[in-house]
Amino acid sequence: MSIRPGLCSVTFRQLEPAAIAALAADAGLQAVEWGGDVHVPPGDVARASQVAGVTADAGLAVASYGSYFRGDAGEEIAPVLDAAAALGADRIRIWAGRIGSAQASAQERAATVDALAAAAEQAGARGISLALEFHGGTLADDAEQTLRVLDEVASPHLSTYWQPTVSAPDDVAVAEYRRIADRVSAVHVFSWWPAAERLTLGARDGLWRAFVAAAASAPVPPRDALLEFVPGDDPAALAREAAALRAYLG
């Protein structure tokens, strides 16, 4: 099993891309997911090209483009695709709407699924895949609902991320991963407990060891395991957290 250890740039929104790339490289990571909120805005092709160069100069790969596309009415995927293409990202993280699966009406659900399907078709035409954020407050808020969205969109260009559900015990979180494992292309790695308190990875050692064991037996392991948050949002914490991640991945 070979999963690339990487970093989400949103971990350090306060830093410039060159500083983030240097931190990631020094920490022994291999790839960066560049966020669309601060570091690579949608449609800013010049900025995306610049960040692509910064990434390559640091000896890193572009893991993905972390977008905030949600399939809103009238929302266009084209600026997101333009940025991803200039960045050299072959995968874009997107969101399954803005409403939790239990709260969404049939009409709201259908609109979001249709928007995701249209976006996936456009992405696929440009050689780019999309992947759902596995997150509360969206249609992909648990394992079963994520599979439902993937099946309804029914596109070879759409996969999903996984991350541990906030407040879920280790065994519950890993069971959710196992349920969707063959559709997971990347993992967001962080240790929050008991809710959104940011701990070291080692503070949830059992979770990450169990995840790696599950990934090793998955039909298709995720390509990337991306550190998304570190305690205190502190750049000085990255080396320790990256070392822990690399150790878990073997």
Side-chain angles (χ1 to χ4, degrees), residues 1-40 47-67 83-84 86-93 129 131 133-134 159 161-164 177 184-192 198-205 207-216 218 220-250:
M1 179 185 70
S2 179
I3 301 175
R4 288 191 302 194
L7 175 69
C8 295
S9 75
V10 298
T11 309
F12 302 120
R13 286 186 170 98
Q14 73 276 25
L15 299 181
E16 287 298 312
I20 292 171
L23 277 169
D26 289 346
L29 299 175
Q30 296 177 17
V32 179
E33 174 176 285
W34 292 104
D37 55 347
V38 174
H39 297 119
V40 183
R47 172 73 164 182
S49 298
Q50 177 191 21
V51 173
V54 164
T55 311
D57 289 347
L60 301 168
V62 173
S64 40
Y65 179 47
S67 87
L87 187 59
D90 64 356
R91 181 182 62 220
I92 300 170
R93 176 179 54 78
S129 67
E133 174 86 1
F134 182 77
S159 63
Y161 279 45
W162 172 81
Q163 63 190 33
Y177 167 70
V184 173
S185 57
V187 172
H188 280 163
V189 177
F190 54 86
S191 288
W192 288 8
R198 298 182 180 186
L199 309 180
T200 65
L201 289 190
R204 297 194 73 183
D205 182 74
L207 167 67
W208 294 111
R209 290 187 184 280
F211 158 71
V212 170
V220 182
R223 183 176 73 182
D224 300 301
L226 305 166
L227 287 165
E228 189 176 28
F229 301 108
V230 296
D233 301 330
D234 183 4
L238 182 62
R240 177 194 65 220
E241 295 301 281
L245 174 60
R246 291 187 288 109
Y248 286 131
L249 297 178

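Remark: side-chain polar atoms of R246 are paired, donor with acceptor, to backbone N or O of A27 under 3.5 angstrom. For R47 (side chain) and A83 (main-chain N/O), no donor-acceptor pair under 3.5 Å exists by modelled atom type. Between the side chain of D224 and the main chain of L226, no donor-acceptor pair closer than 3.5 Å is present. Judged by distance alone, the side chain of H188 and the main-chain N or O of A225 form no donor-acceptor pair under 3.5 Å. Of the possible polar contacts, none joining the S67 side chain to the I92 backbone as a donor-acceptor pair under 3.5 Å is found. A distance-only check finds no donor-acceptor pair linking the side chain of R91 to the backbone of S159 [under 3.5 Å]. S191 places a side-chain N or O within 3.5 Å of a backbone atom of T200 that can act as its donor or acceptor partner. Under the 3.5 Å distance criterion, the side-chain polar atoms of T11 are matched with a main-chain donor or acceptor of E228. For the pair E241 (side chain) and L201 (backbone), a donor-acceptor distance under 3.5 Å is present. A donor-acceptor pair is defined here as one N or O able to donate and one able to accept, closer than 3.5 Å; no such pair exists between the side chain of R4 and the backbone of A31.
A89 approaches S64 most closely through the heavy-atom pair CB-C, 3.9 Å. Residues I3 and A215 approach most closely at CD1-CB, 4.0 Å, considering heavy atoms. Taking both residues in full, the closest heavy atoms of V10 and G35 are given as CG1-CA, 4.2 Å, listed atom of the first, atom of the second, then distance. Summarising the geometry of A86 relative to A48, their closest heavy-atom pair is CB-CB, 3.7 Å, with the distance given to 0.1 Å. Shortest non-hydrogen contact noted between A25 and A58 is CB-O, 3.5 Å.
In this structure, L60 CG and Q30 CD are separated by 9.0 Å, a value rounded to the nearest 0.5 Å. Separation of atoms CH2 (W162) and CZ (F211) is listed at 6.0 Å; rounding is to 0.5 Å. If you take SG on C8 and CD on E33, they are separated by 4.0 Å, rounding to the nearest 0.5 Å. We find the CG-OH distance between L207 and Y177 to be 12.5 Å, quoted to the nearest 0.5 Å. Rounding to the nearest 0.5 Å places CZ of F190 at 7.0 Å from CH2 of W208.
Residues Y65 and W34 keep their aromatic ring centres 6.0 Å or farther apart.
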Checking salt bridge (Lys or Arg N to Asp or Glu O under 4.0 Å) for the pair R198/D233: CA distance, chi angles, key distance, verdict?
CA-CA 9 Å; R198 298 182 180 186; D233 301 330; 2.2 Å; yes
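With contacts defined as side-chain heavy-atom distances shorter than 4.5 Å, the pair L23/L15 qualifies. Between V187 and Y161 there is no side-chain heavy-atom pair separated by less than 4.5 Å. Residues S185 and R93 fail the side-chain proximity criterion, which asks for heavy atoms closer than 4.5 Å. Between E133 and Q163 the shortest side-chain heavy-atom distance falls below 4.5 Å. For the pair V32 and V62, the minimum side-chain heavy-atom distance is 4.5 Å or more. At least one side-chain heavy atom of D90 sits less than 4.5 Å from a side-chain heavy atom of R223. Using a 4.5 Å heavy-atom threshold, the side chains of P235 and Q14 count as touching.
Partner of L7 under the side-chain contact (heavy atoms from CB on, under 4.5 Å) criterion, chosen from L245, V230, L238: L238.
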